[in-house]
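Computed from a predicted model, the values in this text were never measured in an experiment. As the structure lists them, so they are numbered: ligands from 1, and atoms in each ligand from 1.
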Amino acid sequence: MQTVFITGTDTDAGKTYVSRLLLTGFAAQNIPAIGLKPIAAGVDGDGKNADAKILQALSAIALPYDLVNPLLLQAPVAPHLAAANEGIELDLSVLDQQLAETATLPASIRLIEGAGGWLLPINEQLYLADWVIQQQLPVILVVGMKLGCLNHAMLTARELQRSGVPVLGWVANVIDPTMLLLDDNIKDLTQRLPWPRLAVLPFQSDAPVQIALQLADAVLHSLR
Ligand SMILES: Nc1ncnc2c1ncn2[C@@H]1O[C@H](COP(=O)(O)OP(=O)(O)OP(=O)(O)O)[C@@H](O)[C@H]1O
Ligand SMILES: C[C@H](N)[C@H](N)CCCCCC(=O)O
Ligand SMILES: [Mg+2]
């Protein structure tokens, strides 16, 4: 089983959007894949997190909700702050356990969606990035294309490079359909970022399966 960690330049950059496309693209090629959301903040009326439910529903294996999302905070805010308010400890050993419990499942690919951006605080000392670095998980960076993303992308890239974590590539995900000079911004980032651009995802709520297939292929190629 190969594992990929999906990070983004910010919350709402499109990590779930990209994960959804990847799980769809793998499924279309009969590649069994699962999606995990170890830390989620914010719940629907059913008490579950929307991202985690999407990943659970698109996983090739029926997984219990708690295995997809073992750490769930009620409020849609920074998880460590929600945890403090809710009297919960964000314990990274829970993520180790999730990795161990999913390692032997009959899946070829395991996607792990982060929360927020790369330096998501866990507590006063730790960031979610520290766990990814410790596990040496290959990372995909989703850049939410909007004004300001050049700075967000390059800050994230510097920190990824400093950490020594393997980076498979980045995705230009258009989240602002009104962005001026979109092509120039994508070209600029393509020159600046030291990793392959895996895809450019246009702004569209329902991406055609062709886009999902192309993205999945690019990721499979990067894993070879
Ligand atoms: N390419 C796109 N075209 C249209 N809408 C998009 C696109 N990418 C993302 N969105 C929408 O933008 C919103 C934020 O995207 P998404 O939920 O994937 O962000 P995220 O990085 O997973 O955020 P979080 O940190 O909360 O997990 C969602 O409503 C999503 O459907
Ligand atoms: C609730 C939201 N959708 C995300 N899941 C959590 C975003 C945390 C951002 C923390 C921060 O960097 O300020
Ligand atoms: Mg998400």
At what distance is the nearest protein heavy atom to [atom], and which residue and atom is it?
| atom | result |
| --- | --- |
| atom 2 (C) of ligand 2 | Thr11 OG1, 3.6 Å |
| atom 6 (C) of ligand 2 | Val77 O, 4.0 Å |
| atom 12 (O) of ligand 2 | Pro121 CD, 4.9 Å |
| atom 11 (C) of ligand 2 | Ala78 CB, 4.9 Å |

Kindly list each side-chain donor-acceptor pair under 3.5 angstrom involving residues 61-68, sequence neighbours excluded, with atom names and distances?
from  : atom 1 : to    : atom 2 : distance (Å)
Tyr65 : OH     : Asn49 : N      : 2.9
Tyr65 : OH     : Asn69 : OD1    : 2.7

- request: List the steps, then state whether side chain to side chain contact (heavy atoms under 4.5 Å, CB included) holds for Val142 with Tyr17.
  value: CA-CA 10 Å; Val142 179; Tyr17 186 89; over 6 Å; no
message: So if I only count non-hydrogen atoms and take anything under 4.0 Å from ligand 1, which residues does that give, chain by chain?
response: Thr11, Asp12, Ala13, Gly14, Lys15, Thr16, Tyr17, Lys37, Asp51, Glu113, Gly116, Asn173, Val174, Ile175, Pro202, Phe203, Gln204
query: Going by heavy atoms, is Ala41 under 4.0 Å from ligand 2?
result: yes
task: Tell me how many protein N, O or S atoms are closer than 2.8 Å to the Mg ion (ligand 3).
output: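 Those protein atoms number 3 in total.
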statement: With sequence neighbours left out, the residues meeting side-chain contact (heavy atoms from CB on, under 4.5 Å) with Gln210 are Leu213, Gln214
query: Are the side chain of Asn185 and the backbone N or O of Leu181 linked by a donor-acceptor pair below 3.5 Å?
result: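 A pair under 3.5 Å: yes.
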message: The test is side chain to side chain donor-acceptor pair (under 3.5 Å); show your working for Gln2 and Ser108 and say whether it passes.
response: CA-CA 6 Å; Gln2 286 181 299; Ser108 307; over 6 Å; no
query: Could Lys53 and Asp46 be called an ion pair, given the rule that one side-chain N must be under 4.0 Å from one carboxylate O?
result: yes
- prompt: Should the heavy atoms of other residues, nucleotides or ligands under 6.0 Å from CG of Leu147 be counted, would the total exceed 12?
  reply: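 Atom CG in Leu147 is not packed in, count stays at 12 or less.
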Residue of the set Leu215, Leu141, Val143, Val200 for which side-chain contact (heavy atoms from CB on, under 4.5 Å) holds with Val171: Leu215
field: Which of the ligand 2 atoms, numbered from 1, are nearer than 4.0 Å to a heavy atom of Pro76
entry: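 Near Pro76, meaning under 4.0 Å from one of its heavy atoms, ligand 2 has 1 (C).
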field: Side-chain donor-acceptor contact under 3.5 Å, Gln125 with Asp130
entry: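 Side-chain D/A pair, Gln125 to Asp130: absent.
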query: With a 4.5 Å heavy-atom cut-off, do Asp51 and Glu113 have their side chains touching?
result: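 Yes. Closest side-chain heavy atoms under 4.5 Å.
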